[in-house]
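Reviewing the structure listed below.
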Amino acid sequence: MSQYSADPAPHSALATVAAAHRDWWRHAVIYQVYPRSFADGDGDGMGDLQGVRSRLPYLRDLGVDAVWLSPFYASPQADAGYDVADYRAVDPMFGTLLDADALVRDAHALGLRIIVDLVPNHSSDQHEWFKRALAEGPGSPLRDRYHFRPGKGEDGELPPNDWESIFGGPAWTRVPDGEWYLHLFAPEQPDFNWDHPAVGDEFRSILRFWLDIGVDGFRVDVAHGLVKAEGLPDLGGRDQLKLLGNDVMPFFDQDGVHAIYRQWRTILDEYSGDRIFVAEAWTPTIERTAHYVRPDELHQAFNFQYLSSAWDAAELREVIARTLDAMRPVGAPATWVLSNHDVTRHATRFANPPGLGTQIRTAGDRALGLRRARAATLLMLALPGSAYLYQGEELGLPDVVDLPDEVRQDPAYFRGAGQDGFRDGCRVPIPWTRDGSSYGFGGGGSWLPQPPEWGGLSVQAQTGTPGSTLELYRAALAVRRAQADLGAGESVEWLKAPDGVLAFRRGEFVCVANTTGESVTTPAHGRLLLASDEIAETGGEAKLPADTTVWWTTAGA
Ligand code: GLC
């Protein structure tokens, strides 16, 4: 049989889908659109909402359930829109509120759900509150909505504490009147003070604003950061870079954040339509991540432990088992993710030796990276729970590692923390067609230059091409949909496998992933559904090439 013969269940209108699949999010595949780089409707070189609307049928045909859009709100773009000046307005660069409304309606008509990004940890320094706080000077009540403090030292010339910005440099900036304000990210992103009641009121109102427009949920940016430890205590000489991600910090993963999410959950639950929150919460352990998805809090949280794992069977098995164990007690679905707009694409991570982290500056062995990326995706899509895809991974796009300095826009690059700042490489606009000035991204150029070989990786070039990465994704999502339970459930049954090979059963479905650089022979487990590379089957055995994942079913075999 052909690798691609699975028969996708057709999408029906959202109402029918909703009725048939309450709790759709427990097994959903959610596709991240990074609006500035997805599709450019007006030809100015920058993606926009009209562009996204025009490509919704592509996403429906790809077979995803929902689309998460990174921020498109009014913003000076100091951090590509994660610096929001007005949470209820669309930036003219992306379109209008009417475009957002139309996008939600178009998506629903196609049976797709829309999740928008909510940025509650900080605003832009151009937000009305912050501008007034600055203009009114020390003592202004607006300053209490942020973290303003006098400095230390004789003349207040030293920052109020020793915290560093995630983008490098001190987490404090001094304003002309002498006070300092806290920004865990860029200076243009002042942190809100969530102890102030006006902040909570405002965000509850913003939630309702977008829920009333009809969005199906929110991705909560820096969900682990809203509450800071009482008194903003110093780290006291501990190395912040080493602590980040390994320890609870005075500014990250404080227990106080959970009260906020319990309140938000009651708002969401007032609305019909099975809407969700997904947390971007970088916590030291998956067990702490599970706190964010207790039954009365958020629905999902990204699994960054999974994203950070090497292409290695033992490591993957460990993180998969640990994730499922951590989520089971709180009744939340596991989530899986390999790429997003903040990390080097997995095709490039896996092209490089392990241990380099998630910000990689070298292309590595591209062919190897792509083989592993395809195998890793099939493994991810075979796991119980919900999976997140990042635009362009279905084309097997690598990171662009040689962008000239003058086109870079990542604020972390300019603040030079040394470990960061190369996020532009995964944000290069998508190639849709073989030719054309921006390979079909739009009528004009593209805000980051696309490599010349990207025409060959375009949607047009890969559509209908047997063995292409795009067709592999389409087939995988079709099988996932047809095998109704593939995302459901909360456990896997591990099968015995040679070193470097991961094998598990889920009912009639079997997945085997060979993470080694050698071919391996394993039992064939019934009827072949899909494989990330050609495999040879003889006499009940299958020979899997290096870095290959296979799906079988014992149903009807
Ligand atoms: C999140 C976003 C990232 C942004 C940061 C600050 O981590 O994913 O892109 O820079 O928050 O808002």
Side-chain angles (χ1 to χ4, degrees), residues 30 32-38 47 68-85 87 91 115-127 130 146 163-169 171 173 182-192 194 203 206 218-226 228 244-245 249 251-253 257 277-283 289 292 298 300-304 307-308 335 337-345 357-359 388-391 399 408-417 419-428 448:
I30 301 178
Q32 180 186 359
V33 162
Y34 194 64
R36 43 166 62 213
S37 304
F38 190 60
W68 147 38
L69 294 139
S70 281
F72 49 76
Y73 315 109
S75 160
Q77 305 290 320
D79 183 21
Y82 282 96
D83 48 320
V84 181
Y87 291 85
D91 198 280
I115 292 172
V116 293
D117 221 308
L118 185 73
V119 189
N121 180 66
H122 45 264
S123 70
S124 159
D125 63 350
Q126 296 307 304
H127 188 282
F130 192 78
Y146 295 91
W163 299 355
E164 283 164 35
S165 152
I166 305 305
F167 292 160
T173 288
L182 176 69
H183 52 86
L184 292 180
F185 294 89
E188 296 87 352
Q189 294 168 295
D191 280 53
F192 282 118
W194 271 85
F203 273 90
I206 293 165
F218 301 90
R219 177 253 187 197
V220 183
D221 188 63
V222 196
H224 53 308
L226 277 49
K228 278 73 180 174
L244 270 179
M249 311 286 282
F251 48 82
F252 277 165
D253 200 25
V257 294
F277 287 112
V278 52
E280 185 215 22
W282 291 85
T283 67
T289 303
Y292 291 77
L298 309 179
Q300 294 185 341
F302 294 117
N303 188 344
F304 293 122
L307 183 148
S308 312
T335 68
V337 60
L338 290 165
S339 284
N340 66 32
H341 67 292
D342 288 330
V343 299
T344 302
R345 288 178 175 279
T358 54
Q359 299 266 336
Y388 279 81
L389 307 180
Y390 175 52
Q391 66 177 39
D399 250 47
R408 289 186 186 280
Q409 296 202 10
D410 183 353
Y413 180 74
F414 300 102
R415 290 180 64 84
Q419 94 289 10
D420 205 348
F422 289 83
R423 298 180 301 171
D424 292 313
C426 64
R427 298 175 176 179
V428 174
L448 285 173

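Note that the structure is a prediction, hence the values are computed from the model and not measured. One-based numbering, in listed order, for ligands and for the atoms of each.
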Distance under 4.0 Å to a non-hydrogen atom of [X]: what atoms of ligand 1 satisfy this?
X: H341; answer: 2 (C), 3 (C), 8 (O), 9 (O)
X: H122; answer: 6 (C), 12 (O)
X: R423; answer: 3 (C), 4 (C), 9 (O), 10 (O)
X: Q189; answer: 6 (C), 12 (O)
X: R219; answer: 2 (C), 8 (O)

Supply the atom-to-atom distance Q300 CD to T335 OG1, rounded to the nearest 0.5 angstrom.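 OG1 of T335 is found 6.0 Å from CD of Q300.
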When you measure from the heavy atoms of W282 to every atom of ligand 1, does any distance fall below 4.0 Å?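 So W282 does not count as touching ligand 1.
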Within the structure, is a non-hydrogen atom of H183 found at a distance of less than 4.0 Å from ligand 1?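 Contact absent.
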Of the side chain and backbone of R427, name the one, both, or neither that has a heavy atom under 4.0 Å from an atom of ligand 1.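 Looking at R427 and ligand 1, just side chain atoms fall under 4.0 Å.
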Heavy-atom distances under 4.0 Å decide this one: backbone, side chain, both or neither, for F167 against ligand 1?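 Side chain only.
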Nearest protein heavy-atom contact for [atom]: which residue, which atom, what distance?
atom: atom 1 (C) of ligand 1; answer: D221 OD1, 2.7 Å
atom: atom 4 (C) of ligand 1; answer: D79 OD2, 3.2 Å
atom: atom 9 (O) of ligand 1; answer: D342 OD1, 2.7 Å
atom: atom 7 (O) of ligand 1; answer: E280 OE2, 2.6 Å

For F252 and F185, take the angle between the two ring planes, folded into 0 to 90°, and tell me which bin it lands in: parallel under 30, tilted 30 to 60, perpendicular over 60.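 The rings of F252 and F185 sit tilted, inter-plane angle from 30° to 60°.
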Report the relative orientation of the aromatic rings in Y87 and F192; use parallel for angles under 30°, tilted for 30 to 60°, perpendicular for over 60°.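 Rings of Y87 and F192: tilted, 30 to 60°.
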Considering all heavy atoms, the nearest P71-V119 contact: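 The answer is CG-CG2, 4.0 Å.
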Heavy-atom pair with the smallest gap, counting every atom of D79 and P411: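 Taking every non-hydrogen atom into account, OD1-CG, 3.5 Å.
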Given 3.5 Å as the limit, does a donor-acceptor pair link the side chain of [X] with the main chain of [Y], or not?
X: D83; Y: Q189; answer: no
X: H122; Y: Y82; answer: yes
X: Y34; Y: V428; answer: no

Between Q77 and R36, do the side chains contain a donor N or O and an acceptor N or O under 3.5 Å apart?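 Q77 and R36 do have a side-chain donor-acceptor pair below 3.5 Å.
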